[in-house]
Amino acid sequence: MRDRGRTRRLMGLGARTGGALLKTRLGGQADWRALGEALFEGLSELKGPAMKLAQIMSQWDDLLPPDLAEELGRLQRQAAPMPWPRIHEALVQQYGDIDHYFSEVEERPFASASMGQVHRATTHEGETVVLKVQYPGLAEVLESDLIQVRRIMRLGRWFKVPQARLDALFEELAESLRGELDYHAEAAALARYRERYKDDPRLMIPEPLPALSGPHVLVMRYVEGTPLRELAEADDATRQGIAKTLADWITQELFAYGELHADPHAGNFAADAQGRLVIYDLGAVIAVPDARIRAMMQLLDATLKHDPMGMDEALMQMGGRQGQGAPLALYRESAECIAPLFEPGEQDFSDVRVHRRLRELTPKVWAAMDRLQPPAETLLLSRALNGHYWNLVRLGARLNMHERTLPLLQRAY
């Protein structure tokens, strides 16, 4: 992946991003769609950490300007695949004689993302498998890309985010990206999850094949399914079944096992012909300490009680507050936005009124950044929960969150 123009293009994207933000800070009207288009064109070619960062940003549907969020969302749906000759080069590096292991490898990718792409293949025994192939040379450019990402993230100072906080956020992001390159760890996670959920008939997790895998290629048995992002056209019973399974699984992960799937973009999930939730990718699984869960539940409890002082105390304990003076009015408005999802009875996640109110609240959140800061240690956790929430929105989930949450709030104290 070495490219003399790579750093130049990343710096150019940083300059364009900075220009848009500066224009906004000076009272102008930023052209967010033009900026999003430029990011899509540049990052879909570059792959790697910068593209991953943009994909993370695209999941913040409730915070980003709509035009920018829409363009960045294309990075999850339409990212340009790496040409087959480069992927073939990676496979030769892994296997030497590819034909010794597989009778056929499809040149067209089954899926492509920021750190690798997936190709179907057939073994000599006639079994269909998938090869998750890490982009050639990605490990070598990771650190240089991260330097440029750090520079782009420094633009957060314009929104009054302290440099120390930006550095902490960067380190958590960098650690997660480095972890995604460890295919041995992902294979172990797949095996662990298969054992953990072997008796749950609603879940399907592909089986890793260690004998065919290596440092840069992860091989799994092929599991056919309809991607979650395509389930909008599915019948309501299928969508509600998958939504309930997804919500149950997230809850069990957090409260029973202290872990969470931290890469929740829709391409990582599907529904198979039996209506099971298929979890394709376990390259990003984070540990969630019990103390962090308790703090989150304290914040939720105070929010549902419309208790702004309790919300501020919980945020202080999480490290999400600084400066003098709690933004109590903002807390009250936030509670009014969120609490309806947790009222007794079945709530509709596709209710656009909730999303509209959250989006209308965004400028006030930015304006309070001198007092509110994202806790660095909850960056990935917050992103993951946010992404899983939007997957439930895409499914049009109807869930009784009051009934689900009531026993969990006991973990707050």
Side-chain angles (χ1 to χ4, degrees), residues 111 113 115-116 118 127 129-130 132 175-176 179-213 218-228 231 238 240-294 296-297 378 380-389 391-392 395 397 399 401 403-405 407-408 410-411:
M115 311 290 272
V118 182
E127 182 178 12
V129 298
V130 293
K132 182 177 179 180
E175 181 181 354
S176 70
E180 285 196 42
L181 298 184
D182 188 347
Y183 280 5
H184 291 303
E186 182 172 359
L190 285 165
R192 183 172 76 251
Y193 272 61
R194 282 178 57 81
E195 176 64 24
R196 179 181 294 175
Y197 294 106
K198 64 182 180 181
D199 296 323
D200 191 332
R202 304 173 303 164
L203 290 172
M204 167 55 68
I205 299 164
E207 180 184 357
L209 300 174
L212 293 174
S213 301
L218 174 60
V219 183
M220 297 167 278
R221 297 191 192 279
Y222 173 62
V223 177
E224 186 173 5
T226 302
L228 186 147
L231 286 178
T238 297
Q240 296 308 319
I242 292 295
K244 184 177 185 301
T245 300
L246 178 60
D248 289 347
W249 174 62
I250 294 167
T251 302
Q252 190 171 6
E253 279 294 279
L254 279 172
F255 291 89
Y257 298 106
E259 287 190 318
L260 186 64
H261 183 290
D263 192 5
H265 76 73
N268 286 338
F269 303 94
D272 70 6
Q274 288 75 46
R276 296 176 295 186
L277 175 65
V278 183
I279 304 166
Y280 286 124
D281 189 302
L282 285 169
V285 176
I286 58 173
V288 186
D290 189 65
R292 196 166 302 165
I293 293 176
R294 286 200 307 273
M296 289 170 52
M297 299 311 292
T378 64
L380 292 181
L381 176 59
S382 299
R383 177 179 76 86
L385 290 173
N386 186 64
H388 287 303
Y389 164 78
N391 282 333
L392 292 172
L395 290 166
L399 300 171
M401 296 303 295
E403 184 179 81
R404 286 171 171 272
T405 307
L408 301 179
Q410 298 175 7
R411 294 282 292 270

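In this text, all values refer to a predicted model and were calculated from it rather than measured experimentally.
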Rounded distance (nearest 0.5 Å) linking atom CG of D263 with atom CG of N268:
5.0 Å
Y280 to P206 - nearest heavy-atom pair and separation:
CD2-CG, 4.1 Å
Any chance you could measure K244, atom NZ, to L395, atom CG, to the nearest 0.5 Å?
14.0 Å
Of L209, V130, V118, V129, the one forming a side chain to side chain contact (heavy atoms under 4.5 Å, CB included) with M220 is V130
Has E127 got more than 12 heavy atoms of other residues, nucleotides or ligands less than 6.0 Å from its CD?
yes
So which pairs with a foot in residues 203-213 pass side chain to side chain donor-acceptor pair (under 3.5 Å), sequence neighbours left out?
E207-R221
Quick one: CH2 on W249 to CG on L260, what's the gap to the nearest 0.5 Å?
7.0 Å
Taking everything shown except Q274 itself, do over 12 heavy atoms lie less than 6.0 Å from its CD?
yes
Any non-hydrogen side-chain atom of L203 less than 4.5 Å from a side-chain atom of Y193?
no
Output the distance between atom CG (D281) and atom CD (E186), rounded to the nearest 0.5 Å.
4.5 Å
Between P201 and D199, what is the shortest heavy-atom contact and its length?
CD-O, 3.3 Å
Under the rule for salt bridge (Lys or Arg N to Asp or Glu O under 4.0 Å), what residues qualify as partners of E259, not counting sequence neighbours?
R192, R196
Could you give me the CA-CA distance, side-chain angles and deciding distance for L254 and L385, then say whether side chain to side chain contact (heavy atoms under 4.5 Å, CB included) is met?
CA-CA 10 Å; L254 279 172; L385 290 173; 4.0 Å; yes
Kindly write out the residues that satisfy side-chain contact (heavy atoms from CB on, under 4.5 Å) with N391, not counting sequence neighbours, or none if the list is empty.
L228, L246, P264, A266, F269, H388, R394
Atom pair CD1/CZ of I242 and R202 - distance to nearest 0.5 Å:
10.0 Å
For L282 and I279 the tightest heavy-atom approach is CD2-CG2, 4.1 Å
For the residue pair P208 and A191, what are the closest heavy atoms and their distance?
CG-N, 4.2 Å
Going by the rule side chain to side chain donor-acceptor pair (under 3.5 Å), which residues pair with Q252 if we only count those two or more places apart in sequence or in a different chain?
none
With sequence neighbours excluded, residues passing side-chain contact (heavy atoms from CB on, under 4.5 Å) with P227
R229, E230
How many angstroms lie between CZ in R276 and CD1 in I205, if you round to the nearest 0.5 Å?
11.0 Å
Salt-bridge contact R404-D248 (side-chain N to carboxylate O under 4.0 Å)
yes
Heavy-atom closest contact (L392 atom, A243 atom, distance):
CD2-O, 3.6 Å
Counterpart residues, ring-ring contact (aromatic ring centres under 6.0 Å, His included), relative to Y257 (two or more places apart)
none
Under 3.5 Å: donor-acceptor pair, side chain of Y183, backbone of V219:
no
Heavy atoms of A287 and R292 approach each other most closely as O-NH1, 4.5 Å
